[in-house]
Protein chains: 2
Amino acid sequence: MSEPKQMSAFSRHDHGTCVAGAMRNAENVAAQKGLRLTPVRRRALELLLEAHKALGAYEVLDRLKEDGFGSQPPVAYRALEFLVEHGFAHRIRRLNAFAACMHPDHAHRPVFFICGSCSTVAESMEVAVQDSVSKEAGKLGFVVERMNLEVLGTCPSCQGATA
Amino acid sequence: MSEPKQMSAFSRHDHGTCVAGAMRNAENVAAQKGLRLTPVRRRALELLLEAHKALGAYEVLDRLKEDGFGSQPPVAYRALEFLVEHGFAHRIRRLNAFAACMHPDHAHRPVFFICGSCSTVAESMEVAVQDSVSKEAGKLGFVVERMNLEVLGTCPSCQGATA
DNA sequence: TCCGGTATTGTTATATTATCACGTGTAATG
DNA sequence: CATTACACGTGATAATATAACAATACCGGA
């Protein structure tokens, strides 16, 4: 029953504001980079932000379809790929799912805290793993391109619940 | 053209010995824990060790089939699930694949260095991420169960190659 | 503005990965 | 030996993802 200690997907917050802010942020970033945040892409990002958890490609597809976009898998996959490619979202491999990036304006190595109960994903930029990974990579003669850390466990809300 | 700096999947080594040793090791661990390393499971582990890279479930299945085991996906998935469950192998989410664990006798948080060219996977126990992750989890009120770090890049052999 | 190239979207079809459900056999208990 | 749990095999199907191609929308320069 302890309170979350810092702002995150796990803490209570004004979600409408959170979504709106993230969308504005994304618009700005896209404008700066000369990227086309088209209607499908925009809507896909909104869906991820509104859900505030990881969504499967087919969940996104269903909702896009409801909004009058194409109904075939590539529609969703392409939008999601674009978002991931440009840092607006992340792909959560363990869940075969996608989640909006909470910090699209910062370059970062994402670290995900994934709740096994409710699938909420919190993204952190704070974990300092890059240095130790790079050091180890050096020993192996390995050139690092990307890395991805997924932490599985239970979020504060689900710790109390019976589930 | 630099030489690998330490023993790993990326460095040249006597692979026959490496496989045999790992199998003996697995036998011992299984015996200690009272686990049944049945023929399918044993063979699946051998396949992973021999390949010395991550194999997809269907690759494993094909080879098991050649060896006279069942030919349907659950055969492979069950064997692989067993191996992962008990620490003889790891699942590499990014590749939708499985790789033998190089250190089944040590409890560890695996870190994988995945070559994007040749799919060879090196597993390291040396990277110290656990502390920083735990600290961050504490701030979020998140209870950690497992974690998994996958690093993408290029292995020493593939850095020289044209590919 | 008009043209030509490029990016984006939509669609059909298919590939790849993974699980469910159920029957049969087999091994370890007591 | 009976019982019980586990393991295995099979058929069917679910869930995830990509390939290939046509139609359209955007954007630059002539």
Side-chain angles (χ1 to χ4, degrees), chain A residues 30-31 33-48 51 53-86 88-99 114 119 150, chain B residues 26-27 30-48 51 53-86 88-99 114 116 119 150:
Chain A
K33 296 193 191 170
L35 300 173
R36 290 169 59 189
L37 198 53
T38 61
V40 216
R41 293 168 176 174
R42 190 178 210 291
R43 185 66 189 128
L45 179 54
E46 273 177 10
L47 289 168
L48 293 183
K53 60 172 191 144
L55 294 181
Y58 282 75
E59 292 179 273
V60 171
L61 179 59
D62 285 345
R63 302 186 196 183
L64 288 175
K65 185 162 38 178
E66 288 171 10
D67 292 345
F69 296 101
S71 61
Q72 300 304 315
V75 170
Y77 278 100
R78 284 194 291 231
L80 292 167
E81 182 185 30
F82 171 89
L83 295 174
V84 169
E85 180 79 16
H86 296 99
F88 299 114
H90 298 290
R91 188 167 193 159
I92 314 290
R93 314 293 314 202
R94 179 173 295 268
L95 303 175
N96 290 325
F98 300 81
I114 305 167
S119 294
E150 299 182 4
Chain B
E27 303 272 13
Q32 275 175 25
K33 296 194 191 171
L35 300 172
R36 292 168 58 188
L37 197 54
T38 62
V40 215
R41 292 167 177 176
R42 191 180 208 293
R43 185 64 189 129
L45 179 54
E46 274 177 9
L47 289 168
L48 293 182
K53 58 171 192 146
L55 294 181
Y58 281 74
E59 291 179 275
V60 172
L61 179 57
D62 285 345
R63 302 186 195 183
L64 288 176
K65 186 162 37 178
E66 288 171 11
D67 292 346
F69 296 101
S71 61
Q72 300 303 315
V75 171
Y77 280 100
R78 283 193 291 233
L80 292 166
E81 182 185 30
F82 170 89
L83 296 174
V84 170
E85 180 79 16
H86 295 98
F88 300 114
H90 298 290
R91 188 167 194 161
I92 314 291
R93 315 291 316 202
R94 180 173 293 269
L95 302 175
N96 291 324
F98 300 82
I114 306 166
S119 294
E150 300 182 3

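These values consider heavy atoms only, across backbone and side chains, with no hydrogens, waters or symmetry-generated copies.
- Taking only distance into account, the side chain of Tyr58(B) never meets the base of dA15(C) through a donor-acceptor pair shorter than 3.5 Å.
- A cation-pi arrangement is present between Arg41(A) and Phe82(A) under the rule of less than 6.0 angstrom and at most 45 degrees off the ring axis.
- Regarding Glu85(B), its CD atom lies at a distance of 14 Å from the C1' atom of dC6(D), rounded to whole Å.
- Comparing atom distances between the Val40(A) side chain and each of dA7(D), dG10(C), dT10(D) picks out dG10(C) as nearest.
- Contact annotation: Gln72(A) does not reach the phosphate of dT11(C) (side-chain N/O to OP1 or OP2, under 4.0 Å).
- For the pair Arg94(A) CZ and dT16(D) P, the computed distance is 16 Å after rounding to whole Å.
- Between the P atom of dC8(D) and the NZ atom of Lys65(B) lies a distance of 18 Å, rounded to the nearest Å.
- When rounded to the nearest whole Å, the span between CG of Leu37(A) and P of dA7(C) equals 18 Å.
- Arg93(B) comes within contact range of no nucleotide atom at all, as no heavy-atom separation falls under 4.0 Å.
- Side-chain contact between Phe69(A) and Leu61(A) is absent, with no heavy atoms from C-beta onward closer than 4.5 Å.
- Comparing Asn96(B) and Arg36(B) by the nucleotide of DNA chain D that holds the closest heavy atom to each, the one mapping nearer the 5' end is Arg36(B).
- Of all nucleotides listed (dT10(D), dA17(D), dG10(C)), dT10(D) comes nearest to the side chain of Arg78(B).
- The distance between atom CZ of Phe82(A) and atom P of dT6(C), rounded to the nearest whole Å, is 19 Å.
- No donor-acceptor pair closer than 3.5 Å links the side chain of Arg94(A) to the backbone N or O of Arg93(B).
- Between the OH atom of Tyr77(A) and the C1' atom of dT9(C) there is a distance of 18 Å, given to the nearest Å.
- With respect to Arg63(B) and Glu66(B), no salt bridge is recorded, no charged nitrogen being found less than 4.0 Å from a carboxylate O.
- In terms of phosphate contacts, Ser71(A) brings no side-chain nitrogen or oxygen within less than 4.0 Å of OP1 or OP2 of dG10(C).
- Of all heavy-atom pairs spanning Ala54(B) and Ala97(B), the tightest one is CB-CB, 3.7 Å.
- If you take CG of Leu95(A) and P of dA18(C), they are 14 Å apart, rounded to a whole angstrom.
- Nearest-nucleotide mapping onto DNA chain C: of Pro73(B) and Pro74(A), the residue sitting toward the 5' end is Pro74(A).
- Between Gly70(A) and Arg91(B), the one whose closest nucleotide on DNA chain C sits nearer the 5' end is Gly70(A).
- Nucleotide dC27(D) holds its C1' atom 15 Å from the CG atom of Leu35(A), rounded to whole Å.
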